[in-house]
Amino acid sequence: MRRFLDWLYDAAAWLAALAMIGVLLMVLISIVSRQLGVNVPGTDAYAGYSMAAAGFLALAHTLKKNEHIRVTLLLGRLKGRALRALQMWSLSAAVLLAALFAYYSVRLAWQSHALNDISTGNDATPLWIPQITMAVGTVVLLIAFVDEWLLHLRGRQRGPVPEEALHNE
């Protein structure tokens with residue numbers, strides 16, 4: 001199971017990287033087309049969709065690599081049971097919030113598909129298509145938080161918090 005979860009987080013990160021390449025391509029197409037006097041509709045919208053996809057798809061991988069910005073002012077001062085209790089409380093709250101985020105993201109994409117909602121820009125993209133990346137990213141983030149919660153519950157935290165993170169308060 002661990003190998004599958006690590007693969008899932010890495011796959012989401014690779015998709016996020018591809019989305020960043022999509023942002024680059026859309027910006028380049030926009031610049032070159034303006035220089036050539038050609039109108040390529042939708043490049044701004046597709047750059048935005050790609051940027052949102054990159055952000056959402058990278059969330060879980062970033063969490064699992066301990067790269068999320070954390071306020072460690074209190075965590076750095078606690079030890080033993082108090083530290084474990086605060087970590088479990090924090091992870092429980094994160095699981096709840098991630099579950100809500102995932103539920104409403106999936107619901108939004110589903111409703112956009114059911115209602116045939118399209119963007120108001122000149123690209124007229126069905127909105128469920130870019131919203132899928134948000135839904136997938138939030139579901140993978142929920143899985144990652146549940147994974148972290150279970151690891152902490154069993155006392156098997158995945159590696160120490162980087163020392164520099166304790167000084168970035």
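Partners of Trp149 by side-chain hydrogen bond (donor to acceptor under 3.5 Å, both in side chains), not counting sequence neighbours, listed by chain and number: Ser92. With sequence neighbours excluded, the residues forming a side chain to side chain contact (heavy atoms under 4.5 Å, CB included) with Leu25 are Ile21, listed by chain and number. Residues satisfying the side chain to side chain contact (heavy atoms under 4.5 Å, CB included) test with Val32, not counting sequence neighbours, are Leu36. In this structure Arg34 satisfies the side-chain hydrogen bond (donor to acceptor under 3.5 Å, both in side chains) test together with Ser30, sequence neighbours excluded.
By the rule that hydrophobic residues join a cluster once side-chain heavy atoms approach within less than 4.5 Å of another member, Trp89 and Leu97 end up as members of separate clusters. Tyr9 and Leu63 sit in two unconnected hydrophobic clusters of ILVMFWY residues. Membership requires side-chain heavy atoms under 4.5 Å apart, directly or through other members. The cluster map of Ile, Leu, Val, Met, Phe, Trp and Tyr, joined by side-chain heavy atoms under 4.5 Å apart, puts Met1 and Val146 in different clusters. Under the 4.5 Å side-chain heavy-atom criterion for Ile, Leu, Val, Met, Phe, Trp and Tyr, Val95 and Ile143 are members of distinct hydrophobic clusters.
Annotation: side chain of Lys64 is in contact with side chain of Asp147 (closest heavy-atom distance under 4.5 Å).
Here the CG-CG distance, from Leu91 to Leu96, works out to 12.5 Å after rounding to the nearest 0.5 Å. For the atom pair CZ (Arg2) and CG (Leu151), the distance works out to 5.0 Å, reported to the nearest 0.5 Å. His61 contributes atom NE2, which lies 11.0 Å from atom CG of Leu8 (distance to the nearest 0.5 angstrom).
Side-chain heavy-atom separations under 4.5 angstrom define the hydrophobic clusters, and the remaining members of the one that includes Leu24 are Leu28.
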Could you list the donor-acceptor pairs under 3.5 angstrom formed between side-chain atoms of residues 100-108 and any protein atom two or more places apart in sequence or on another chain?
unit_1: Ser105; atom_1: OG; unit_2: Phe101; atom_2: O; d: 2.7

Run the side-chain donor-acceptor check on residues 129-141: report pairs under 3.5 Å with partners two or more places apart or on a different chain.
unit_1: Gln131; atom_1: OE1; unit_2: Ser112; atom_2: OG; d: 2.7
unit_1: Gln131; atom_1: NE2; unit_2: Ser112; atom_2: OG; d: 3.4
unit_1: Thr133; atom_1: OG1; unit_2: Pro130; atom_2: O; d: 2.7
unit_1: Thr138; atom_1: OG1; unit_2: Met134; atom_2: O; d: 3.1
unit_1: Thr138; atom_1: OG1; unit_2: Ala135; atom_2: O; d: 3.0

For residues 39-46, please give each side-chain donor-acceptor pair under 3.5 Å, one per line with the distance, not counting sequence neighbours.
unit_1: Tyr46; atom_1: OH; unit_2: Thr125; atom_2: OG1; d: 2.7

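Taking each heavy atom of Ala16 and Ala54 in turn, the nearest pair found is CB-O, 3.4 Å.
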Can you check side-chain contact (heavy atoms from CB on, under 4.5 Å) on Leu127 and Tyr49, steps first, answer last?
CA-CA 10 Å; Leu127 286 178; Tyr49 300 151; 4.1 Å; yes
Quick one, Met26 with Ile29, criterion side-chain contact (heavy atoms from CB on, under 4.5 Å). Give me CA distance, side-chain angles, the key distance, then yes/no.
CA-CA 5 Å; Met26 289 300 109; Ile29 289 170; 3.8 Å; yes
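Counting only residues at least two apart or in different chains, ring pair (Phe, Tyr, Trp, His ring centres under 6.0 Å) contacts with residues 118-147 comprise His113-Trp128.
Arg84 places a side-chain N or O within donor-acceptor distance of the main-chain N or O of Leu153, the cut-off being under 3.5 Å.
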